[in-house]
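Read through the structure below, which is laid out as structure tokens, and then see the notes.
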There are 2 protein chains.
Amino acid sequence: MLRLSKLTDYATVILSFMAKDKTQVLAAMEIASMTGIAQPTVSKILKLLVNANVLISTRGAKGGYALARTPEEISVAAVISALEGPIALTECSISHQGCEQASGCDIRGNWGLINQTIHNALESVTLADLTRPAAVPEEVFVPVASLYR
Amino acid sequence: MLRLSKLTDYATVILSFMAKDKTQVLAAMEIASMTGIAQPTVSKILKLLVNANVLISTRGAKGGYALARTPEEISVAAVISALEGPIALTECSISHQGCEQASGCDIRGNWGLINQTIHNALESVTLADLTRPAAVPEEVFVPVASLYR
DNA sequence: TTAAATAGGACTAGAATAGTCCTCAATTAA
DNA sequence: TTAATTGAGGACTATTCTAGTCCTATTTAA
Ligand code: FES
Ligand code: FES
């Protein structure tokens with residue numbers, strides 16, 4: 001199904017909530033109770049988002065989490081890669097080691113292009129787009145095949 | 001990582017091999033020995049591809065598998081959905097049941113758009129594109145730096 | 001100093017995947 | 001007609017991955 005992990009799904013919910021909320025800094029526990037996601041799980045996700053520079057954290061009392069940039073500047077690609085690592089469909093798109101199929105596999109370059117296309121698509125959608133109420137058919141069409149012919 | 005399953009990866013290797021091979025009909029065992037993938041696994045994949053109308057099978061002695069269409073007419077999207085089901089990042093893009101996040105989730109429409117975009121990208125690349133020798137310079141691989149900016 | 005928070009990582013249980021195997025059905029050729 | 005070949009379909013197991021929890025250390029405000 002080419003699916004996103006559950007944690008990534010939660011992350012979008014959490015970030016959407018944070019984008020809509022006026023408050024600048026929110027504690028993990030607040031977020032948990034507002035979104036209905038279990039607190040330890042929320043914390044785990046928030047930490048990952050901090051590591052990927054999507055969120056900024058403040059320690060200590062009165063501490064919490066805040067968006068590192070405006071919702072317009074946070075791409076869906078950034079969120080996904082924060083939770084799941086580099087966006088790539090196949091192993092060999094990330095590192096070219098250990099991918100020698102017996103009969104010589106020349107697929108690499110082409111998969112790379114596909115990955116690039118998908119990455120572009122995800123890069124072009126921001127958190128602001130996700131929170132926008134009704135989807136504006138802002139067609140993000142990238143004709144990959146045309147790049148070959 | 002937004003990754004493809006290993007079986008899907010194998011499927012592309014198998015199909016690439018079949019596309020390049022002159023022979024019309026290939027037995028599962030032949031494919032296994034040529035690609036180096038274990039025979040039972042190859043069979044499993046071939047069966048799935050038949051069910052999805054990507055391959056056509058012939059039973060009995062001298063039987064085997066053949067591409068259902070020309071490589072130009074077999075999209076990567078078709079291959080992926082044969083192995084992994086509908087191409088969609090989130091559950092609620094497939095069926096809209098049971099996705100009511102406490103605070104009212106209006107994400108659907110927008111995820112739908114993202115899914116559509118990715119689907120378009122995968123639909124536009126064919127098996128012929130994958131087998132094409134060295135389509136692109138190395139530079140096309142996903143620029144990891146952009147994931148963290 | 002104390003309380004409130006995050007950082008980091010270990011750990012467990014459950015789910016999904018990969019991979020194998022067995023039996024049945026169909027086709028060809030001797 | 002029979003035997004050999006090959007795919008269909010599905011059950012099954014083992015392994016890996018994911019989700020989720022929890023513990024301890026660190027940082028900061030009051
Ligand atoms: S499997 Fe990595 S290049 Fe083909
Ligand atoms: S989770 Fe399905 S619509 Fe938001």
Side-chain angles (χ1 to χ4, degrees), chain A residues 1-14 18 23-68 80 82-86 89-91, chain B residues 1-14 18 23-68 80 82-86 89-91:
Chain A
M1 181 175 93
L2 194 69
R3 79 179 198 303
L4 245 37
S5 79
K6 220 166 173 183
L7 292 190
T8 306
D9 207 1
Y10 290 162
T12 63
V13 172
I14 290 173
M18 292 181 74
T23 320
Q24 284 303 318
V25 175
L26 288 162
M29 225 169 60
E30 298 180 88
I31 295 173
S33 65
M34 298 305 280
T35 58
I37 303 170
Q39 191 270 327
T41 302
V42 168
S43 283
K44 183 179 197 172
I45 294 167
L46 292 172
K47 289 174 202 169
L48 289 169
L49 290 170
V50 168
N51 287 341
N53 297 311
V54 171
L55 294 180
I56 287 176
S57 65
T58 317
R59 284 191 175 194
K62 302 274 177 189
Y65 298 89
L67 297 181
I80 292 178
L83 278 285
E84 320 200 2
L89 298 181
T90 55
E91 254 327 313
Chain B
M1 179 174 95
L2 194 67
R3 79 179 199 301
L4 244 35
S5 80
K6 223 166 173 182
L7 292 190
T8 306
D9 207 0
Y10 291 162
T12 63
V13 172
I14 290 173
M18 293 180 74
T23 320
Q24 284 304 317
V25 175
L26 289 162
M29 227 170 60
E30 298 179 86
I31 296 173
S33 65
M34 298 305 281
T35 57
I37 304 168
Q39 190 271 327
T41 303
V42 169
S43 283
K44 185 179 195 172
I45 294 167
L46 292 172
K47 288 173 202 169
L48 288 169
L49 290 171
V50 168
N51 287 341
N53 297 311
V54 172
L55 295 179
I56 287 176
S57 65
T58 317
R59 283 191 178 193
K62 303 274 179 188
Y65 297 88
L67 297 181
I80 292 178
L83 277 285
E84 319 200 3
L89 298 181
T90 56
E91 257 320 318

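All figures in this text were calculated on a predicted structure; none of them were measured in a lab. Throughout, a chain's letter reflects where its sequence line sits, starting with A, and its residues are numbered from 1.
Residues passing the side-chain hydrogen bond (donor to acceptor under 3.5 Å, both in side chains) test with T8(B) are S5(B), E84(B), sequence neighbours excluded. A search for side-chain hydrogen bond (donor to acceptor under 3.5 Å, both in side chains) contacts involving Q24(B) returns nothing, not counting sequence neighbours.
Looking at the side chain of R59(B), the nearest of the listed nucleotides dA3(C), dA26(C), dG19(C) is dA26(C).
One can place CD of Q39(B) at 18 Å from P of dA18(C), the figure rounded to the nearest angstrom. Whole-Å rounding puts the L46(A) CG to dA5(C) P distance at 14 Å. Across the protein-nucleic acid pair, N51(A) atom CG and dG8(C) atom C1' stand 9 Å apart, rounded to whole Å. Nucleotide dT6(C) holds its P atom 13 Å from the CG atom of L49(A), rounded to whole Å. Distance, D9(B) CG to dT17(C) C1': 14 Å, rounded to whole Å. Taking atom CG on L7(B) and atom P on dT17(C), their separation rounds to 9 Å, with Å as the unit. When rounded to the nearest whole Å, the span between CD1 of I14(A) and P of dT6(C) equals 12 Å. To the nearest angstrom, P of dA4(C) lies 9 Å from CE of M29(A).
Residue T58(B) is the one, among T41(A) and T58(B), whose nearest nucleotide of DNA chain D lies closer to the 5' end (criterion: closest heavy atom). Annotation: of the two residues near DNA chain C, K44(A) and S57(A), the 5′-most nearest-nucleotide partner is S57(A).
If you walk DNA chain D from 5' to 3' and mark each nucleotide with an atom closer than 4.0 Å to a heavy atom of chain A, the marks span dA19(D) to dA29(D).
The side-chain heavy atoms of M18(B) and L55(B), taken from C-beta on, include a pair separated by under 4.5 Å. Side chains of T41(B) and L7(B) form a contact here, defined as non-hydrogen atoms less than 4.5 Å apart. Side chains of L49(B) and L83(B) form a contact here, defined as non-hydrogen atoms less than 4.5 Å apart. V25(B) is not listed as a side-chain neighbour of Y65(B), based on a closest heavy-atom distance of 4.5 Å or more.
Residue S43(A) is out of contact with every strand shown, counting any heavy-atom pair closer than 4.0 Å. Looking at heavy-atom distances under 4.0 Å, K6(A) makes contact with sugar-phosphate atoms alone, never a base.
Taking every heavy atom of both residues into account, I45(A) and A11(A) meet most closely at CG2-CB, 3.8 Å.
Between S5(B) and dA18(C) there is a side-chain N or O to OP1 or OP2 distance below 4.0 Å. Under 4.0 angstrom from either OP1 or OP2 of dA7(C) there lies at least one side-chain N or O belonging to Y65(A).
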